[in-house]
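Report on one structure; see the data block that follows.
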Amino acid sequence: MELAKAYEPKEAEKHHYKRWEESGFFRPEIIQNADAEPYSIVIPPPNVTGSLHMGHALQHTIMDVLTRRKRMQGFRTLWLPGTDHAGISVQRKVVEQLKKEEQKSPLDIGREEFIARCWKWKEQYGNTITEQMRREGASVDWTRHRFTMDERLSAAVRSVFVTLYEEGNIYRGLRIVNWCPKDKTVLSDLEVKEETKKDGKLTYLKYPVIGTDATITVATTRPETMLGDTAVAVNGSDERYKDLVGKTIALPLTNREIPIIADEYVDAEFGTGAVKITPAHDPNDYLVGERHNLEQLLVMNMDGTMNAAAGAEFEGLDRFRAREKVVEMFDELGLLEKVDDYEITLPVCERCKTIVEPILSEQWFVKMDELRDLGLELSRQNIPQFSPEVPHAKVYQTWLENLKDWTISRQLWWGHQIPAWYDDEGNVYVARTEAEAKEKAGGKELTQDNDVLDTWFSSGMWAFSTFGWTGCADTPVRIAGSSGETEGSRRSDAHADKSVRTPTDLETFLPTDVLVTGRDIIFLWVSRMMMLTKKFVGETAFKDCVITGTVLGKDGKPMSKSRNNGVDPIEMFDKFGVDATRIYLSSIATGADVKWNDLGIETYRNFANKIWNATRFSLMNVGTRASLPAIEDPQAGKDARVPTTLADKWIISRLNRTALDLNRALDKYEFHTAVSLLYHFFWDDFCDWYIELRKDEINAGDAEATTRILGILETALRMLHPFMPYLTEELWQKLPGTSAEMHNAAYKHTVGTQASSLLEEKSGQDARVPTDKTIMLADFPLGDAGLIDEQAEREMLAVIDVIKRVRNIRTEMQISPSIKFDVHIAADAGFQQVFRDNEAQILKLARAEKLVISSELDVPKASAKTVTNDAVVAVPLEGLIDFDKERERLATQINKLAEEKTRLDAQLSNANFVEKAPPEKVDGLRERSAELEHQINTLNNNLEALN
RNA sequence: GCCGUCUUAGCUCAGUGGUAGAGCACUCGCUUCACACGCGAUAGGUCACAAGUUCAAAUCUUGUAGACGGCACCA
């Protein structure tokens with residue numbers, strides 16, 4: 001069998017995914033074992049407006065690694081994909097499109113038509129990311145793809161809303177909210193970010209006090225809001241203003257009179273100690289206003305212009321223009337005290353960066369007390385278990401403890417319209433459907449609330465709405481809902497006998513096993529999913545939560561369009577291959593930020609090529625052989641052959657050790673450790689040593705050696721598969737002896753039998769009969785501690801040491817690789833045997849002519865000598881040796897050993913150390929010190945012998 | 001203001017009480033019959049700084065400096 005000289009990722013990426021998907025390999029239904037333990041992950045649904053970025057690539061890789069490993073282990077595995085309707089993002093796209101193509105505004109075409117356009121947009125452009133996920137190799141079950149505005153998911157949203165409303169956990173109220181004048185919608189606190197403005201101004205305005213000549217000075221960063229002032233507040237204990245409290249101010253530019261009040265909120269030390277109070281435009285002023293029963297005067301429109309209440313001179317002016325004008329007019333009136341430069345941080349809209357206006361507005365809110373307590377209760381039990389735990393567990397809990405009510409209405413059209421209807425008198429009826437609402441209203445004509453729900457309201461239900469929960473009669477309910485006095489579970493009794501029907505997805509896959517996401521949405525999404533799932537299904541949404549780091553641009557800043565420092569994953573796929581990109585992303589420490597660096601990915605491109613070529617080598621002799629014994633799995637009980645050579649014992653030991661460590665690392669979500677283990681096992685142990693050690697036999701066509709290497713390789717490919725699915729499938733397919741018989745027991749007999757009918761029944765699609773073998777369903781190596789052979793590893797190390805020391809002599813003595821020389825080794829009887837048994841290997845890898853093994857060295861003076869932990873090695877170099885160089889070489893080596901010995905001896909001469917350190921530690925050092933002394937003496941003798 | 005993270009070889013990053021690691025780059029040598037996306041051999045670090053705890057600190061504690069993140073406030 002001939003393979004190309006270099007791995008061509010695109011070739012492998014072309015056909016495997018389609019086959020996997022069409023064969024139903026991604027579906028949990030393919031499993032034949034009824035008792036298989038489920039393993040499930042729901043994807044953080046990307047925005048339909050989105051296209052794949054590095055953050056997705058990273059998270060998807062992690063999820064796919066987890067999913068593929070569990071699938072190979074025979075779990076009933078589901079990774080559920082989906083997309084989010086992304087309210088504002090889609091709406092903005094469609095508004096832009098409408099303006100550009102038809103010069104129309106949403107109002108021109110009306111709500112219904114606008115929403116139709118949004119759907120159209122979604123159909124047309126919303127698949128970008130799902131197609132890109134196929135390229136990634138993401139093994140998601142596409143037949144279970146969900147969209148947050150799917151009919152059933154929307155029904156679920158309405159159920160949750162209605163229930164929370166009926167419980168009093170959702171209310172409508174007039175509050176100061178974050179308003180984005182550009183998007184013309186309210187934003188939750190989490191959607192508001194901060195921007196520091198160095199050129200801010202603090203303006204000091206003088207207000208005349210009626211009945212006196214005095215003025216009172218207030219400072220403000222938003223002078224235009226003075227038009228809505230309804231009081232000036234001072235601290236009651238502030239001597240300066242004591243006499244003014246209770247007096248009245250003639251508010252300039254208006255003909256209003258406002259009181260001077262005393263309130264503890266005011267800090268006498270700060271500014272002038274007097275604060276203008278604008279209850280309709282500032283959250284703190286709002287609270288002061290409530291305490292003092294002040295009028296809430298709204299002076300701004302929702303588009304950021306001033307309204308009629310601001311006065312005729314200001315009406316219609318943009319808020320920033322009005323600001324200038326207020327200052328100008330105060331100046332003209334002689335009431336402008338001063339304007340100071342002032343660095344200020346302003347709230348801005350997360351998406352459009354427009355300065356957010358705090359404004360009084362009637363909105364819907366979720367009262368978070370009960371939900372918060374549910375979340376906190378879990379959090380105290382370490383649910384979810386964050387990886388990495390620091391700092392997320394603590395930050396998450398602290399955030400929950402300080403949780404405020406959640407503004408859930410949004411002034412958009414695209415989204416879940418709030419299921420609340422109003423009659424002519426303004427009475428509200430909350431119901432799942434308009435019909436229900438009408439019934440409640442006694443048949444009155446109703447109009448539905450114009451607003452839609454925050455996108456995160458529906459995302460927060462993702463863990464259960466995706467599994468079919470609607471909260472309605474048809475919800476596939478859970479059997480033993482622990483909290484479950486929800487509508488859904490109450491209606492469940494009729495179907496509650498699990499034994500007589502197929503368990504629903506909700507029963508099977510919730511709680512999900514792990515959530516993988518970025519830290520930016522821990523509050524927005526993770527927390528809400530935890531709380532809502534607990535409340536409505538009585539379950540933990542997920543047990544573990546892996547928080548990935550951020551892939552930064554080359555400049556160390558987060559990738560963004562404005563910085564133009566983004567790296568497109570698709571470009572990386574094209575340049576280095578999907579598998580190289582995946583395993584590189586996996587090699588980043590969990591949770592750590594990393595600066596993008598093409599060199600990192602190149603490392604793994606090279607690694608992929610190394611794997612390709614190791615396979616190429618392993619297969620080279622296969623084609624010429626008529627028959628080969630079946631390859632066997634070199635794990636306990638799976639390989640009947642007893643390894644005879646040291647190299648075999650050693651590589652089997654290393655393989656099993658690697659598999660054990662690998663699984664341990666993956667269980668702890670330490671993907672970078674896993675990658676490092678695989679990289680070094682494959683490259684160092686397998687390629688650099690094992691292949692080289694057995695090369696001659698393999699080239700000579702030795703059946704045992706050829707089969708053995710294929711067995712090791714095959715197992716390694718399975719370990720690598722979750723990280724590098726395309727490459728490993730491509731190569732595994734080419735290995736002789738691989739077959740569907742090697743699939744995990746849970747998938748045996750899947751091929752061509754039950755699975756196809758099952759698939760057909762479930763998906764309704766033309767499920768092709770999967771007659772082919774696939775590494776995807778092969779057993780994931782777990783490793784066996786019983787096959788770790790400490791002795792073989794020690795002996796192999798001795799052999800490797802000798803080879804390395806001889807190579808070192810060759811290089812240091814500048815002896816051409818083409819020149820062969822004799823090698824003398826002195827060692828104890830045990831190691832003599834080891835070296836004798838591996839003579840051919842040592843000869844080959846040290847490029848030696850002859851090996852002389854004895855208990856005492858007997859070599860001419862003109863020899864280069866060296867020591868290992870287990871042997872003394874000499875290379876007679878008559879005519880080749882440069883004595884000065886050899887002295888230098890020996891001196892360097894002695895120095896190194898002596899340094900170590902000095903350190904150790906210093907420690908050993910410390911009575912405190914000997915007394916207090918663990919005895920095995922002390923003994924270890926003593927042994928090492930003795931060994932070093934021996935080695936140094938040997939080298940010193942050699943050095944003297946040269947003189 | 002509060003909470004937290006980071007600072008390790010030229011670069012990008014692992015490690016986290018017991019002799020400092022990787023990849024890449026660098027130096028030297030190899031057209032060795034799987035791979036130059038390769039092979040072999042070197043070199044390179046008082047683990048930001050200071051003090052403390054400990055027999056032992058890069059690792060724990062405190063402080064300092066620099067980089068950064070979250071939350072709150074911002075008259």
Side-chain angles (χ1 to χ4, degrees), chain A residues 3 5-7 189 194 200 202-205 217-222 232-233 265-267 270-278 282 284-285 342-347 390-392 394-395 398-399 402 519-520 522-523 550 554 556-557 576 580 584 587-589 591-600 602-620 672-673 676 679-680 687-688 691-692 695 698-699 803-804 807-812 814-818 844-845 847 892 899-901 903-904 907 910-918 921-922 924-925 928:
Chain A
L3 263 61
K5 197 169 173 184
Y7 173 51
D189 292 346
E194 293 190 344
L202 188 60
T203 306
Y204 291 77
L205 304 174
T217 302
V218 295
T220 179
T221 54
R222 294 189 292 154
V232 167
Y265 157 68
V266 181
D267 177 2
F270 193 93
T272 63
V275 185
K276 58 190 279 304
I277 300 297
T278 325
D282 183 278
N284 288 307
D285 293 6
Y342 187 71
E343 185 177 312
I344 187 172
T345 50
L346 292 171
V390 177
H392 301 114
K394 190 178 166 189
V395 173
T398 309
W399 181 80
N402 299 301
R519 54 179 159 257
D520 51 336
I522 294 179
F523 303 147
T550 311
K554 288 184 178 77
K557 304 244 167 66
F576 300 107
Y584 167 61
S587 77
I588 299 166
D593 291 352
V594 68
K595 268 187 242 185
W596 185 265
N597 185 352
D598 276 6
L599 291 175
E602 248 182 82
T603 299
Y604 292 100
R605 190 266 320 260
N606 297 350
F607 183 45
N609 191 241
K610 190 74 179 174
I611 296 167
W612 176 268
N613 273 290
T615 308
R616 183 165 171 247
F617 171 77
S618 305
L619 289 175
M620 273 186 138
H672 60 298
T673 309
S676 166
Y679 185 92
H680 292 292
C687 292
D688 286 352
I691 289 184
E692 295 304 330
K695 200 171 225 173
I698 291 164
N699 279 337
I803 294 168
K804 287 192 146 191
R807 283 171 172 174
N808 173 255
I809 287 173
R810 181 186 294 277
T811 305
E812 296 284 316
Q814 296 182 332
I815 297 164
S816 155
S818 58
K844 178 177 161 65
L845 299 186
R847 306 189 68 78
T892 310
E899 254 175 52
E900 188 185 341
K901 185 162 189 301
R903 245 196 333 261
L904 293 188
Q907 234 179 316
N910 182 342
N912 271 328
F913 171 71
V914 177
E915 210 174 292
K916 293 186 181 174
K921 189 81 211 160
V922 179
L925 290 197
R928 179 68 186 150

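Heavy-atom basis, side chains included; hydrogens, waters and symmetry copies ignored. Quantities reported herein were computed from a predicted structural model and do not represent experimental measurements.
Nearest to the side-chain atoms of A:Ala589 among the listed nucleotides B:C37, B:A14, B:G40 stands B:A14. Here the side chain of A:Tyr342 is nearest to one of B:A14, B:U19, B:C74, namely B:C74. For A:Asn808, taking side-chain heavy atoms from C-beta onward, the closest of the listed nucleotides B:A41, B:C37, B:A75 is B:A41. Considering only side-chain atoms of A:Pro817, the nucleotide from B:C30, B:A14, B:A34 that sits closest is B:C30. Nearest to the side-chain atoms of A:Ala917 among the listed nucleotides B:A34, B:G18, B:G70 stands B:G18. In the set B:G18, B:A34, B:C74, B:A34 carries the atom at the smallest distance from any side-chain atom of A:Met620. For A:Arg807, the listed nucleotide lying nearest its side chain is B:A41; candidates were B:G29, B:C73, B:A41. Taking every side-chain heavy atom of A:Thr220 into account, B:A75 is the closest of B:A36, B:G18, B:A75.
Residues A:Tyr604 and A:Phe576 place their aromatic rings such that the two centres sit no closer than 6.0 Å.
Applying the 4.0 Å criterion to OP1 and OP2 of B:C39, one finds that A:Lys610 has a side-chain N or O inside that range. Between B:G29 and A:Ser816, no contact under 4.0 Å exists linking OP1 or OP2 to a side-chain N or O.
For the pair A:Asn912 CG and B:A56 P, the computed distance is 7 Å after rounding to whole Å. Atom pair A:Gln907:CD and B:U19:C1' shows a separation of 8 Å (rounding to whole Å applied). Rounded to a whole Å, the CH2 atom of A:Trp612 is 12 Å from the C1' atom of B:A34. When rounded to the nearest whole Å, the span between OH of A:Tyr604 and P of B:A14 equals 12 Å.
Counting distance only, with no hydrogens placed and no angle test, the side-chain atoms of A:Lys695 and the base atoms of B:A34 include a donor-acceptor pair under 3.5 Å. Below the 3.5 angstrom threshold, one finds no donor paired with an acceptor across the side chain of A:Lys5 and the base of B:C35. In terms of polar N and O atoms assigned as donor or acceptor, the side chain of A:Glu692 comes within less than 3.5 Å of the base of B:A34 in a complementary pairing. One can find a donor-acceptor pair under 3.5 Å joining the base of B:C73 and the side-chain atoms of A:Glu194. For a distance-only test at 3.5 Å, the side chain of A:Thr345 qualifies as a donor-acceptor partner of the base of B:C74.
Under the Watson-Crick or G-U wobble criterion, with both distances below 3.5 Å, B:A25 is left unpaired in every strand shown. For B:U16, there is no paired base (Watson-Crick or G-U wobble, both distances below 3.5 Å). With a cut-off of 3.5 Å on both Watson-Crick or G-U wobble distances, the partner of B:A50 is given as B:U62.
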Heavy-atom contacts, protein to nucleotides 1-12 of chain B, under 4.0 Å, summarised as B (base), S (sugar-phosphate only) or - (none) per nt, yield --SSS------S
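Rounded to a whole angstrom, the distance from the C1' atom of B:G21 to that of B:A9 is 10 Å.
Salt bridge annotation for A:Asp598-A:Arg605: absent, with no cationic side-chain nitrogen under 4.0 angstrom from a carboxylate oxygen.
Counting only heavy atoms from C-beta outward, the side chains of A:Leu599 and A:Tyr584 never approach each other to under 4.5 Å.
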